[in-house]
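Here's the structure we're looking at; comments come further down.
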2 protein chains.
Amino acid sequence: MTNKPDIATIDAAHRPARVQTVADAVSLAIHEHRLAPGTKLGEDDLAEIYGVSRTIVRAALQSLAHGQLVEIRRNRGAFVAQPSPHEAREVFEARELLEPRTARSAALHATPADVDILRTHIANEHAAIAVKDRGRALFLSGRFHIEIARIANQATIAGFIETLIARSSLIIALYWRRESALCESHAHHSLVQAIADNDGQRAEELMRSHLVDLHSTLDLHHAAPTGATLKDILR
Amino acid sequence: MTNKPDIATIDAAHRPARVQTVADAVSLAIHEHRLAPGTKLGEDDLAEIYGVSRTIVRAALQSLAHGQLVEIRRNRGAFVAQPSPHEAREVFEARELLEPRTARSAALHATPADVDILRTHIANEHAAIAVKDRGRALFLSGRFHIEIARIANQATIAGFIETLIARSSLIIALYWRRESALCESHAHHSLVQAIADNDGQRAEELMRSHLVDLHSTLDLHHAAPTGATLKDILR
DNA sequence: GGGCGCAATATTGTATACAATCAGAAGACG
DNA sequence: CGTCTTCTGATTGTATACAATATTGCGCCC
């Protein structure tokens with residue numbers, strides 16, 4: 001059994017538990033699209049919701065801001081980030097640079113146990129889709145990519161990918177085209193197969209095409225429909 | 001004039017000014033090797049030094065911890081990070097993946113003004129070396145790489161590179177071999193030339209070989225000599 | 001004399017109180 | 001009637017006080 005730290009808890013050890021709890025909760029809500037881009041995250045509100053003081057909430061928000069899930073405007077508060085089309089392009093370019101290489105590496109390192117985990121992820125994803133829980137399906141889809149980075153055993157790059165996927169969730173919330181839908185399942189499935197076969201070359205190619213696919217289903221021109229405050233849309 | 005945000009201040013806008021001030025000061029001290037890896041960063045000490053409350057110091061330390069310049073151990077305090085040999089390898093692998101591509105992009109985007117900035121950087125670096133201020137030379141050398149990422153106009157990747165360079169500074173502090181020294185100047189010089197010529201291919205290759213060079217001057221086996229506490233070495 | 005346990009001290013984690021700043025509404029003026 | 005000003009309320013920024021936890025030094029027992 002190799003000693004791979006869990007990516008999701010990579011920062012957890014050195015951050016006070018409650019701060020992490022709040023950060024995780026908000027992060028999850030954003031990933032599941034329960035919090036739309038642009039939504040204001042008032043400190044007092046969050047403090048009350050989670051039963052902690054503003055001190056904790058502030059630390060959590062700063063943590064999220066560092067990962068660019070949240071934008072903090074001085075003296076104005078924290079808001080769920082709204083990546084611009086330019087940022088969206090950057091994020092996907094970065095993913096297309098990092099993830100294929102990482103997928104290859106994962107394919108070469110993967111143990112049967114790792115493959116099992118990936119298959120479980122896919123199963124959960126399907127289950128979520130079956131229940132029409134699109135938010136959760138999206139979250140799990142992201143976790144799938146993160147899991148691959150973890151398997152690759154390069155914590156540094158995995159950390160980068162994790163933040164890119166987090167931002168991708170926001171980008172999808174903003175720029176996803178209705179028409180295209182759950183076309184992903186197949187891509188993930190064949191990717192796991194390549195990894196199970198330890199076929200690095202194929203895993204790399206599949207990941208690349210998967211990302212290009214994903215990128216192409218975005219409509220970076222017609223951004224709009226953040227369901228947030230009307231004010232925010234009109235201003 | 002293009003509208004490229006200054007990398008160094010990318011987070012500054014949304015972070016309270018004083019927090020950023022403290023974080024920058026500590027970060028600079030680490031980059032210049034005035035703070036050795038493993039050094040304890042007591043909250044009260046820093047608070048007194050910079051004339052702010054622990055609230056500010058804590059926020060600054062958490063920010064630095066996120067960039068992995070500082071390690072925060074629960075209930076135990078903050079310490080200047082000590083990257084392991086494995087981490088060191090990861091960091092340089094990541095740099096070798098990201099920076100050559102970025103250098104190419106920079107070469108294609110660079111304006112004469114950008115080139116001037118780079119040349120100025122090199123001049124400052126030489127000046128620092130002339131005065132035997134090795135710490136500052138190192139800091140400037142890092143900034144040179146960051147500047148290239150900025151010119152490439154990909155803020156996301158530039159941000160990653162920035163954190164990698166910060167960690168590289170720690171790695172150099174820990175694993176640098178005495179024998180090899182200021183061999184870098186030439187590499188930076190020819191790199192600027194390639195960028196000035198808008199020769200992306202050449203810039204990419206030069207950056208790659210420069211990084212491989214740098215990587216090879218590290219001795220990842222004989223780590224030691226952190227001037228910090230004896231305890232820290234022996235434990 | 002050496003090792004262990006406990007108390008004293010120091011340091012970090014959290015909550016709260018106060019100050020600074022901003023957003024919005026009422027009112028004055030053109 | 002619309003625009004600008006000013007004031008009020010709400011929200012964030014900072015400092016401090018208290019609680020929880022770790023570290024250190026002393027004394028005790030073996």
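Small disclaimer: the values here were computed from a predicted structure and weren't measured.
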(message) Run the side chain to side chain contact (heavy atoms under 4.5 Å, CB included) test against B:S27 and tell me which residues pass, sequence neighbours left out.
(response) B:H31, B:L64, B:L69
(request) To the nearest Å, give me how far apart CG (B:L61) and P (C:dG13) are. (result) 10 Å
(request) Could you tell me whether the phosphate oxygens of C:dT14, OP1 or OP2, come under 4.0 Å of any side-chain nitrogen or oxygen in B:R54? (result) no
(request) Could you walk me through whether A:R95 and A:E93 pass salt bridge (charged side-chain N to carboxylate O under 4.0 Å, His left out), step by step? (result) CA-CA 5 Å; A:R95 288 187 66 172; A:E93 281 171 18; over 6 Å; no
(message) Quick test of your reading of the model: are B:K40 and B:D45 salt-bridged, counting only N-O distances below 4.0 Å?
(response) no
(request) Would you please name every residue forming a side chain to side chain contact (heavy atoms under 4.5 Å, CB included) with B:S105, sequence neighbours left out? (result) B:H109, B:A152, B:Q154
(request) Examine D:dA15: is either OP1 or OP2 under 4.0 Å from a nitrogen or oxygen in the side chain of B:S53? Give yes or no. (result) yes
(message) I want to verify a distance call: between C:dT14, C:dT12, D:dG13, whose nearest atom is closest to the B:E43 side chain?
(response) C:dT12
(request) Would you please name every residue forming a ring pair (Phe, Tyr, Trp, His ring centres under 6.0 Å) with A:H121, sequence neighbours left out? (result) none
(message) Rounded to whole Å, how long is the line connecting atom CD1 of B:I72 with atom P of D:dA22?
(response) 16 Å
(message) Closer than 4.0 angstrom, basic N to acidic O: yes or no for A:E87 and A:R167?
(response) yes
(request) Whole angstrom is fine here: how far is it from CZ in A:R73 over to C1' in D:dT11? (result) 14 Å
(message) Could you tell me how far apart B:L41 (CG) and C:dT12 (P) are, to the nearest whole angstrom?
(response) 10 Å
(request) Could you tell me the separation between the CG atom of A:D44 and the C1' atom of D:dG13, rounded to a whole number of Å? (result) 13 Å
(request) Please state whether the phosphate of C:dA23, meaning OP1 or OP2, lies under 4.0 angstrom from any side-chain nitrogen or oxygen of A:K40. (result) no
(message) Once side chain to side chain contact (heavy atoms under 4.5 Å, CB included) is applied, do any residues pair with B:L97, and if so which ones, sequence neighbours excluded?
(response) A:L98, A:R101, A:I157
Check nucleotides 20-22 of chain C against the protein and report each pair of N or O atoms closer than 3.5 Å, with its distance, or say if there are none.
{"residue": "C:dT21", "atom": "O3'", "partner": "A:N75", "partner atom": "ND2", "Å": "3.3"}

(message) Just so I know, are the side chains of B:S141 and B:L138 near enough to count as touching, which here means a heavy-atom distance under 4.5 Å?
(response) no
(message) Counting only side-chain heavy atoms from C-beta out, which of C:dT12, D:dT14, C:dA15 sits nearest to B:R58?
(response) C:dT12
(request) Would you indicate whether the side-chain heavy atoms of B:L140 and B:F144 approach each other to under 4.5 Å? (result) no
Short heteroatom pairs, N/O only, protein and nucleotides 7-10 of chain D, under 3.5 Å:
none

